[in-house]
Student: 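Before we start, here is the structure in question, set down as structure tokens.
Just so it is clear, the structure is predicted and the values come from calculations on it, not from any experiment. All residue numbers in this chain count up from 1 along the given sequence.
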Amino acid sequence: MADILYVYKTSIYANLTNKCPCRCTFCIRNNTDSVGSADTLWHKHDPSMEDIKKAVDDFDFTGYKELVFCGYGEPTSALDNMLETAKYVKEKHPDIKLRLNTNGLSDRINNKPTAELISKYIDSVSISLNTCSSEKYDEVCRPVFDHAYESMLKFAEDAKKYFEHTQFSIVDTIPEEDIKACQKIADDRGIYLKIRKYSD
């Protein structure tokens with residue numbers, strides 16, 4: 001079985017699914033089978049809640065302050081399991097903060113507004129903005145949905161209303177003028193922009 005929980009840098013990560021509606025050209029899963037302490041992040045099938053709860057029960061949370069929903073798929077592709085996992089972790093470890101790293105397409109994946117629902121269980125959200133226009137987003141992220149960029153921005157605007165902290169993220173490999181355009185997109189919405197260093 002693939003790792004469900006693994007450690008990367010100073011946080012615990014939860015890898016609940018390999019399903020994703022995007023095929024991003026820069027995705028780390030194109031280059032390696034694992035990240036951090038994981039042996040492999042490729043599930044043969046999505047883990048059940050029984051599998052996930054066992055992984056949580058067996059994991060030593062001592063010294064960790066944060067659990068991040070982020071693996072080799074889009075966490076909201078397993079929305080029900082993600083929410084149940086968040087609730088279970090909070091019951092067992094009430095002091096730990098929960099963060100969702102997402103492509104922001106949860107509403108399209110689940111055919112309903114989801115930001116408010118997710119915020120009931122998860123403290124903060126980081127949304128992959130990736131680039132500064134719908135055309136460039138389609139080229140780089142290759143989503144299965146039409147108008148995916150607009151859907152992601154709408155999710156971010158909803159998220160800002162409900163989460164303790166909402167941020168956009170981009171990778172520093174895009175052109176400087178695109179980074180500046182992304183900063184304006186974030187500033188116009190009152191959302192923090194995190195510029196991540198690319199790691200292959």
Student: How long is the span from the OG1 atom in T17 to the CZ atom in F69, to the nearest 0.5 Å?
Tutor: 13.0 Å

Student: Could you pull out the closest heavy-atom pair between N81 and P47, with the gap in Å?
Tutor: ND2-O, 3.4 Å

Student: Please report the interatomic distance OG(S48) to CG(L16), rounded to the nearest 0.5 Å.
Tutor: 11.0 Å

Student: Using the rule given for side chain to side chain donor-acceptor pair (under 3.5 Å), can you reason through T114 versus D107, listing the C-alpha separation, both sets of side-chain angles and the distance that settles it, and then say yes or no?
Tutor: CA-CA 6 Å; T114 57; D107 294 357; 2.6 Å; yes

Student: Would you please classify the geometry between the Y137 ring and the Y149 ring as parallel, tilted or perpendicular, with 30° and 60° separating the classes?
Tutor: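 Y149 vs Y137 ring planes: tilted.
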
Student: Please identify which of these residues, E66, Q167, H165, meets the side chain to side chain donor-acceptor pair (under 3.5 Å) condition with R99.
Tutor: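 It is E66; the other options fail the test.
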
Student: With heavy-atom distances below 4.5 Å as the criterion, would you say the side chains of F26 and V140 are in contact?
Tutor: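 Yes; the side chains approach each other to less than 4.5 Å.
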
Student: Determine, stepwise, if the pair I191 / L129 fulfils side chain to side chain contact (heavy atoms under 4.5 Å, CB included).
Tutor: CA-CA 11 Å; I191 296 175; L129 179 62; over 6 Å; no

Student: Would you confirm whether S37, through its side chain, and V7, through its main-chain N or O, come within 3.5 Å as a donor-acceptor pair?
Tutor: yes

Student: I'd like to check P21 versus E74 (side-chain heavy atoms, cut-off strictly below 4.5 Å). Are they in contact?
Tutor: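 They are in contact (side-chain heavy atoms under 4.5 Å apart), so the answer is yes.
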
Student: Step by step, would you call T85 with M49 a side chain to side chain contact (heavy atoms under 4.5 Å, CB included)?
Tutor: CA-CA 8 Å; T85 301; M49 272 312 304; 3.7 Å; yes

Student: Any idea which heavy atoms bring P143 and D138 closest together, and the distance?
Tutor: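 P143 and D138 have their closest heavy atoms at CG-OD1, 3.6 Å.
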
Student: Under 4.5 Å between any side-chain heavy atoms of I185 and L153, yes or no?
Tutor: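 The answer is yes; the side chains approach within 4.5 Å.
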
Student: If we only count heavy atoms from C-beta on, is the I118 to M82 side-chain gap below 4.5 Å?
Tutor: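 Side chain of I118 against side chain of M82, heavy atoms only: contact under 4.5 Å found.
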
Student: Is it true that, when you exclude E150 itself, more than 12 heavy atoms of the residues, nucleotides or ligands shown sit nearer than 6.0 Å to its CD?
Tutor: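 Enclosed.
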
Student: Please answer whether the main-chain N or O of C182 pairs with a side-chain N or O of D187 as donor and acceptor at a distance below 3.5 Å.
Tutor: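 Here the side-chain-to-backbone pair does not exist.
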
Student: Can a donor-acceptor pair be found, under 3.5 Å and without considering hydrogens, that links the side chain of R108 to the backbone of D146?
Tutor: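 Pair found, side chain donor or acceptor close to backbone of D146.
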
Student: If you define the side chain from C-beta out and look only at heavy atoms, does anything of T166 sit under 4.5 Å from S124?
Tutor: no

Student: Less than 4.5 Å apart, any side-chain heavy atom of L117 and any of Y162?
Tutor: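 Not touching, per the 4.5 Å side-chain cut-off.
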
Student: Any donor-acceptor pair under 3.5 Å linking the side chain of S77 with the backbone of G73?
Tutor: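 Answer holds: no.
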
Student: Could you give the distance from NZ (K112) to CG (L79), rounded to the nearest 0.5 Å?
Tutor: 6.0 Å

Student: Assess K53 against Y88: is NZ or CZ under 6.0 Å from the centre of the six-membered ring, and within 45 degrees of the ring's axis?
Tutor: yes

Student: Going by heavy atoms in the side chains, are F59 and Y6 under 4.5 Å from each other?
Tutor: no

Student: Check for me, please, whether I127 and Y192 land in the same ILVMFWY cluster - side-chain distances under 4.5 Å, paths through other members count.
Tutor: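 No, because I127 and Y192 fall into different hydrophobic clusters, even though each may have its own neighbours under 4.5 Å.
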
Student: Verify, without hydrogens or angle tests, whether N18 (side chain) and L41 (backbone) share a donor-acceptor contact under 3.5 angstrom.
Tutor: yes

Student: Is a donor on one side and an acceptor on the other found under 3.5 Å between the side chain of D3 and the backbone of T40?
Tutor: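 Flag set: sc D3 to bb T40 pair under 3.5 Å.
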
Student: Between CG of D178 and CD1 of I170, what distance do you get to the nearest 0.5 Å?
Tutor: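 If I round to the nearest 0.5 Å, the distance is 8.5 Å.
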
Student: Which value, rounded to the nearest 0.5 Å, describes the distance between L100 atom CG and S119 atom OG?
Tutor: 11.0 Å

Student: Can any side-chain N or O of H43 pair as donor or acceptor with the backbone N or O of N15 at less than 3.5 Å?
Tutor: yes

Student: Once rounded to the nearest 0.5 Å, what's the spacing between atom SG of C20 and atom OH of Y72?
Tutor: 13.0 Å

Student: Might you point out which heavy atoms bring N30 and T25 nearest each other, and give the distance in Å?
Tutor: ND2-O, 3.6 Å

Student: Between S106 and F155, which heavy-atom pair has the shortest distance, and what is it?
Tutor: CB-CE1, 4.2 Å

Student: Is the backbone N or O of T76 less than 3.5 Å from a side-chain atom of N110, with the two atoms forming a donor-acceptor pair by type?
Tutor: yes

Student: How about CD on E50, more than 12 heavy atoms from neighbouring residues, nucleotides or ligands closer than 6.0 Å, or not?
Tutor: no

Student: So with a 6.0 Å cut-off around NZ of K92, is the heavy-atom count from everything else above 12?
Tutor: yes

Student: Keeping the roles fixed (side chain from S128, backbone from N130), state whether a donor-acceptor pair exists under 3.5 Å.
Tutor: no

Student: For D95 and K65, run salt bridge (charged side-chain N to carboxylate O under 4.0 Å, His left out): C-alpha distance rounded to whole Å, both residues' side-chain angles, the deciding distance at 0.1 Å, then the answer.
Tutor: CA-CA 7 Å; D95 294 332; K65 297 180 179 179; over 6 Å; no

Student: Using side-chain heavy atoms (C-beta onward) and a distance below 4.5 Å, is F145 in contact with L105?
Tutor: yes

Student: Could you report the tightest heavy-atom contact between A115 and D158, atom names first, then the distance?
Tutor: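 Taking every non-hydrogen atom into account, CB-CB, 3.7 Å.
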
Student: Checking W42 against R29 for the side chain to side chain contact (heavy atoms under 4.5 Å, CB included) test, could you report, in this order, the C-alpha distance in whole Å, the side-chain angles of both residues, the deciding distance, and whether it holds?
Tutor: CA-CA 9 Å; W42 289 112; R29 73 183 197 170; 3.6 Å; yes

Student: Can you name the nearest heavy-atom pair linking L98 to K90, along with the distance?
Tutor: CD1-CG, 3.7 Å

Student: Taking it one step at a time, do K161 and E116 satisfy side chain to side chain contact (heavy atoms under 4.5 Å, CB included)?
Tutor: CA-CA 8 Å; K161 300 174 188 175; E116 183 176 12; over 6 Å; no

